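Owing to the predicted nature of the structure, the values given are computational and were not obtained by experimental measurement. Note on naming: letters A, B, ... go to the chains in the order of the sequence lines (proteins, then strands), and numbering restarts at 1 for each one.
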Amino acid sequence: MLELFIYMQKTVDTDIKSLIIITTLIFLIAPAFILLYVLVYNQRKKKHIEEKQRLKSEFQQELLKTQIEVQEQTLTNISREIHDNITQVLSFVKLNLAMIDPDDEHCKSKINESRELVAQTINDLRNLSKSLSFEHIVRLGLVKTLEIEAERINSSGLINTQLTVEGEIYSLGEQRELVLFRIFQEALNNTLKHSGAKHLKINLQYSKLILNLTLEDDGVGFSPGLIDDNLGSGLRNMQSRAALIGAVATIDSLPDKGCCIKVTLNPFEQLYDNGTPTNSFG
Amino acid sequence: MLQYFTLYTVTETTCFIIALIFLIKDPDLTWRILILFLLITSLVEIGTVPMIKIYNKNPIPQNSDAWVYNILLIFQMGFCTLMFEHLLHKYINSRPAILTGLAVFFIVYMYEMFSLNPHGIYDYNSITETLMSVLFILYSLFFYYLLLKDESYIILKHSAAFWWVTGTLFFYFGSIACTLFYEILKSEPKSNKVYLSYISDILIVILYSCWSYSFICKKRSTQISKA
């Protein structure tokens, strides 16, 4: 009888022990599963946010690309219009003026003066047409276009520019060169409009792995935190354009210390996330 | 002297020291208050060591340490509720849920102590403790829900709030099992109760490890936000 009681007591003890262990395990495993679920869900959330960010960035790039394409098309049309229409008309006016043979000396000198002015206007318009034209930039290449532009600015007398090219020149692809040239134009425009600079140094540095385009002026400069909307949007535009070709535009300036804009580009870097070739917008 | 070095006293005091080091200069008052809570918990744990000896010699309810833990229960509820309010407040207005929880806790606490316990304060309020555990589990799950629902992503590995809640969830989930078994095993031989102490040991280690890590994360996030 006593043995039976001891046996039953032992069985009850074992049952209680098993019950405690199993239930406790369940009570510990349950929060562990909850924890695991939270971790997995959070990881998914991270991927979702990254994907959203990527799509947003792709959309921004597409938008910028479209804007630039539209702008380029407009500039090309204006360039053609200047070259094919206005300069032709002016050439005709110049020819007409040449055919007049007045007896009056005073009248003759006025006509000659007018002819010179028309010739100068034709020349300026042709240069302007070239600097707007996508085809012209593509045909001549970045370095030659910059040289022509620097020469044009120097002859205008607005500012003294100095262009230096270092390293062995190589092609960056027409789209990249075009974007770099547009950045240069934007920077130049800002310098002429806002800086009051007397000198502008343009440096193009070609090395095996990197290309630097630097524009440095001796103007009034600005405090990066206190710039007006016009200048600010111009600077942002430069940075957006640079980002489009995988370059980085850095702007350093301080009041009375001039301004330095540097565009750094890795010529071998892929342009877009979606695998679009480096030399194409489309 | 060695009798004071139990797993409970060591883990709680270590966690208190970690809190003191990492939270003392924290700009967040709620987190700083946790130092006080851990100090109270450590002192209670050390203070009850001689009481257990007295009880073992003469096991009458008046000699037990249950009254100390009944008082500690109020502090536990107060400090942890304050912390949950602080953590949930980031996402929603948590005051109604928190105040309702507090009201239910105090009603059950008083009812159990003065109506259900045969020896009043000298019997431990285990029903109130179970209720408190259920409330904390619900708050923890609600916190997880809000965390996942929120649009912003946080790195959980370095989230102080997440690790504090995780420690709390594990501890109170497990302590429900302990409390339930404690009631069942009251009349059983001592050999069976030893399993409960093992479970409690594991839970205590999990709780204070998670909390200690959360204090380190808090310090880290404060440093980053200052930088």
Side-chain angles (χ1 to χ4, degrees), chain A residues 1-61 63 223-225 243 250 252 273-274, chain B residues 130 133 136-138 140-159 161-163 165-182 184-203 205-207 210:
Chain A
M1 190 64 187
L2 184 68
E3 279 177 356
L4 182 67
F5 178 74
I6 293 167
Y7 172 74
M8 281 174 70
Q9 186 63 45
K10 273 185 181 174
T11 318
V12 169
D13 279 1
T14 317
D15 285 349
I16 289 171
K17 187 182 161 186
S18 311
L19 183 72
I20 291 172
I21 292 169
I22 291 166
T23 316
T24 310
L25 274 176
I26 291 167
F27 269 80
L28 281 175
I29 288 168
F33 266 107
I34 294 167
L35 182 68
L36 192 71
Y37 176 77
V38 171
L39 291 170
V40 170
Y41 194 96
N42 194 56
Q43 207 57 33
R44 277 191 196 163
K45 195 165 91 174
K46 183 190 173 190
K47 277 185 188 165
H48 176 73
I49 290 169
E50 280 173 355
E51 180 72 8
K52 223 166 98 178
Q53 203 62 39
R54 194 180 63 79
L55 287 172
K56 199 177 162 188
S57 144
E58 269 182 22
F59 175 74
Q60 291 291 344
Q61 278 195 336
L63 197 70
S223 177
T250 47
D252 288 322
D273 291 342
N274 60 10
Chain B
T130 310
S133 303
F136 289 165
I137 290 165
L138 290 176
S140 303
L141 295 177
F142 193 44
F143 172 80
Y144 282 163
Y145 169 72
L146 293 172
L147 181 91
L148 295 180
K149 209 180 119 195
D150 192 47
E151 279 198 358
S152 61
Y153 168 76
I154 54 163
I155 303 166
L156 295 180
K157 202 166 63 177
H158 303 308
S159 166
F162 172 76
W163 285 108
V165 172
T166 300
T168 310
L169 178 72
F170 265 93
F171 179 77
Y172 286 102
F173 226 110
S175 67
I176 283 184
C178 280
T179 316
L180 292 176
F181 283 125
Y182 183 79
I184 295 164
L185 296 177
K186 254 181 183 173
S187 53
E188 292 296 323
K190 205 182 174 183
S191 63
N192 276 330
K193 285 184 190 168
V194 82
Y195 302 118
L196 285 182
S197 71
Y198 291 153
I199 298 161
S200 298
D201 290 351
I202 294 168
L203 292 174
V205 171
I206 292 174
L207 175 73
C210 287

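Only the side chain of B:Phe162 comes within contact range of chain A, with heavy atoms under 4.5 Å apart. Both the backbone and the side chain of B:Leu147 come within less than 4.5 Å of a heavy atom in chain A. At a 4.5 Å heavy-atom cutoff, B:Ser175 makes no contact with chain A through either its backbone or its side chain. Of the two parts of A:Leu28, the backbone and the side chain both hold a non-hydrogen atom closer than 4.5 Å to a non-hydrogen atom of chain B.
Other residues, nucleotides and ligands contribute more than 12 heavy atoms inside 6.0 Å of the CD atom of A:Glu51. With a 6.0 Å radius and a threshold of 12 heavy atoms from other residues, nucleotides or ligands, B:Tyr153 has its OH atom above the threshold.
With A:Val38 as the fixed residue, the side-chain contact (heavy atoms from CB on, under 4.5 Å) test singles out one of B:Leu141, B:Thr166, B:Leu148: B:Leu148.
Closest approach of B:Ser152 and A:Ile49 over heavy atoms only: C-CD1, 4.3 Å.
In this structure, B:Leu156 CG and A:Gln43 CD are separated by 8.5 Å, a value rounded to the nearest 0.5 Å. Note that CG of A:Leu39 and OH of B:Tyr144 are 8.0 Å apart. Values are rounded to the nearest 0.5 Å.
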